[in-house]
Amino acid sequence: MKRNLLLIALACLLLVPSFIFAQPAAETKTSSTMRLAWWGNPTRDERTLKAVEMFMAKYPEIKIETETTGWAGYWDKMNTQAAAGSLPDLMQHDYAYMLQWVSRNQLADLTPYVQKGIIDLSKINDSFLSGGRVNGKLYGISLGTNAVCLTYDPAVLAKAGIAEPDSTTWTWEDFERIALEIYRKTGVQTIPFFTTDPKVGFDNMIRQTGAATYGKTGLGFTDPSALREFYAIQLRLLDAGALIRPEVAFVTVTPEESEFAKGRSWVEFIWSNQYVSTQAAAKRPLKLALLPNIKNAKAKGTFLKPSMFFSIPASAENPEAAAKFLNYFLNDIAVNDMLMGERGVPIPDDVREHMATKVDAINKQIFDYISLASKNAGPIDPPDPAGSGEFLKMVRDVTQEILYKRISLDEGVSKIMTQGNRILK
């Protein structure tokens with residue numbers, strides 16, 4: 001009897017290992033781990049972590065390890081990891097640093113993942129992608145977008161009996177005529193163009209000539225006609241009494257204290273991501289429009305500016321998993337419902353159109369404007385060169401000299417051309 005019990009116990013012990021090892025073998029799946037890094041804030045961190053959680057629930061074979069840092073320390077951290085060969089598989093990137101990282105061979109071309117169908121760009125207008133391309137290769141995909149625009153008060157136009165413009169076709173001649181007519185009929189004036197950064201205004205006009213403000217060395221244009229017209233329009237409005245005096249316009253104030261918020265200008269020149277604060281300060285219904293066209297325009301002046309990118313480092317250990325998450329982040333409707341455009345207006349058409357039904361009326365105007373701009377935009381110019389900060393300060397100083405009439409129009413334009421080439425050489 002004892003011998004039989006011993007044999008039974010021994011048999012049970014022999015069966016245990018096979019039972020233990022048999023179970024995992026039946027359940028084991030091929031798994032991979034990827035690292036994701038971004039700069040953020042509490043809202044972005046919370047939403048990105050939720051996106052990661054949603055992705056891993058949908059794709060349990062992929063585990064994501066996350067790293068978040070504030071903007072101030074992010075690039076120091078990434079550069080340290082790059083030097084150690086330990087960059088994440090997917091990282092948030094910025095337009096200002098894209099060219100630098102590509103020149104150091106630190107980013108992977110994403111085109112193969114598009115060709116394999118891992119990243120789906122089929123519902124994205126190409127104008128949204130140009131900012132992430134260098135020498136024809138795709139190194140980053142925009143996570144949100146922004147575009148230059150003007151905002152105007154439709155009630156002022158109605159009071160003057162002027163039809164609202166079709167901003168896809170209107171010209172600077174139309175703009176000047178409208179501004180003069182509004183002033184004559186209502187007394188409402190026009191704010192000088194882009195007082196904080198005049199380069200944004202004339203850059204749009206120069207791009208329409210087929211050139212660019214910045215070149216590889218010096219300025220990217222030699223014909224100053226567009227630059228001259230940028231100031232000539234304002235001087236003609238000033239002489240007619242229709243332009244707000246520069247000594248008022250160039251004083252830095254809060255949005256609530258601006259001449260536009262006070263109703264003294266019918267128009268303001270902004271970036272689309274400034275519209276919410278501009279609208280709130282104005283406390284009246286506003287509309288958005290593209291900047292006008294120059295005569296005989298050869299190219300589009302508007303461009304879509306990426307808020308930030310996702311990029312895959314060249315050293316990534318699990319790039320396909322990174323590409324899969326990037327695609328999910330871009331295209332999945334459910335995750336974008338949760339993200340609510342925190343990084344900017346989404347770039348896939350279907351996601352953007354869907355999100356436009358979820359946001360409030362003010363943000364819907366921004367979404368609609370970005371959709372309009374995407375159909376009326378040219379490729380973004382390369383990142384600003386060294387010396388651009390000094391150039392921008394010089395331009396603002398000379399702009400004030402021209403509009404204060406301390407120097408003539410021709411002297412001012414010549415000064416920008418000469419000093420610009422010297423600063424940017």
Side-chain angles (χ1 to χ4, degrees), residues 146-198 200-201 204 230 233-234 236-293 301-302 345 356-357 359-373 375-376 403:
N146 186 25
V148 73
C149 56
L150 60 79
T151 180
Y152 65 91
D153 186 337
V156 175
L157 271 72
K159 186 177 179 181
I162 300 170
E164 292 180 31
D166 175 355
S167 71
T168 63
T169 59
W170 73 331
T171 65
W172 280 106
E173 283 185 349
D174 295 326
F175 178 92
E176 187 174 350
R177 173 182 53 78
I178 289 170
L180 289 169
E181 194 170 347
I182 285 173
Y183 178 63
R184 284 196 296 267
K185 293 182 176 179
T186 70
V188 177
Q189 296 176 296
T190 297
I191 197 78
F193 310 162
F194 298 96
T195 55
T196 301
D197 185 359
V200 175
N204 184 277
F230 175 77
I233 295 168
Q234 295 178 80
R236 289 194 294 267
L237 292 175
L238 181 63
D239 289 343
L243 194 79
I244 289 173
R245 301 294 304 178
E247 56 266 30
V248 174
F250 282 90
V251 175
T252 302
V253 294
T254 65
E256 291 76 15
E257 297 169 327
S258 70
E259 295 299 291
F260 181 66
K262 293 174 182 176
R264 294 171 186 166
S265 173
W266 67 279
V267 66
E268 181 63 284
F269 301 87
I270 60 173
W271 287 91
S272 57
N273 65 353
Q274 297 173 306
Y275 184 61
V276 171
S277 61
T278 302
Q279 172 76 70
K283 295 183 176 66
R284 60 189 188 275
L286 305 175
K287 291 191 176 182
L288 290 168
L290 296 163
L291 296 189
N293 300 305
T302 301
V345 177
T357 68
V359 297
D360 61 31
I362 307 282
N363 278 288
K364 186 180 185 305
Q365 285 183 273
I366 300 173
F367 275 62
D368 290 344
Y369 176 74
I370 291 298
S371 291
L372 176 69
K375 299 176 181 67
N376 294 275
L403 296 183

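Note that the numbering runs from 1 along the sequence shown for the chain.
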Which residues pass the side chain to side chain donor-acceptor pair (under 3.5 Å) test with [X], sequence neighbours left out?
| X | value |
| --- | --- |
| S167 | none |
| R236 | E176, E229 |
| D153 | R284 |
| S277 | none |

Should T302 and N376 be marked as a side-chain contact (heavy atoms from CB on, under 4.5 Å) after you check the CA-CA gap, both sets of side-chain angles, and the distance that decides it?
CA-CA 7 Å; T302 301; N376 294 275; 5.8 Å; no
Return the set of residues passing side chain to side chain contact (heavy atoms under 4.5 Å, CB included) with [X] (not counting sequence neighbours), or none when no residue passes.
| X | result |
| --- | --- |
| A249 | I191, P192, T195, I244 |
| K262 | E259, R264 |
| S258 | V253, F260, A261 |

Can you name the residues that form a salt bridge (Lys or Arg N to Asp or Glu O under 4.0 Å) with [X], not counting sequence neighbours?
| X | result |
| --- | --- |
| E164 | K287 |
| K185 | E181 |
| D197 | none |
| K375 | none |

Stepwise, does the side chain to side chain donor-acceptor pair (under 3.5 Å) test hold for S272 with N146?
CA-CA 6 Å; S272 57; N146 186 25; 2.7 Å; yes
Can you measure from CG (L237) to OG1 (T190) and round to the nearest 0.5 angstrom?
5.5 Å
Going by the rule ring pair (Phe, Tyr, Trp, His ring centres under 6.0 Å), which residues pair with F193 if we only count those two or more places apart in sequence or in a different chain?
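Partners of F193 under the ring pair (Phe, Tyr, Trp, His ring centres under 6.0 Å) test: W172, F175, F230, F269.
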Does the D368 side chain pair with the main chain of Q365, one donor and one acceptor, at a distance under 3.5 Å?
no
For the pair Q189 (side chain) and Y183 (backbone), establish whether a donor and an acceptor sit closer than 3.5 Å, ignoring hydrogens and angles.
no
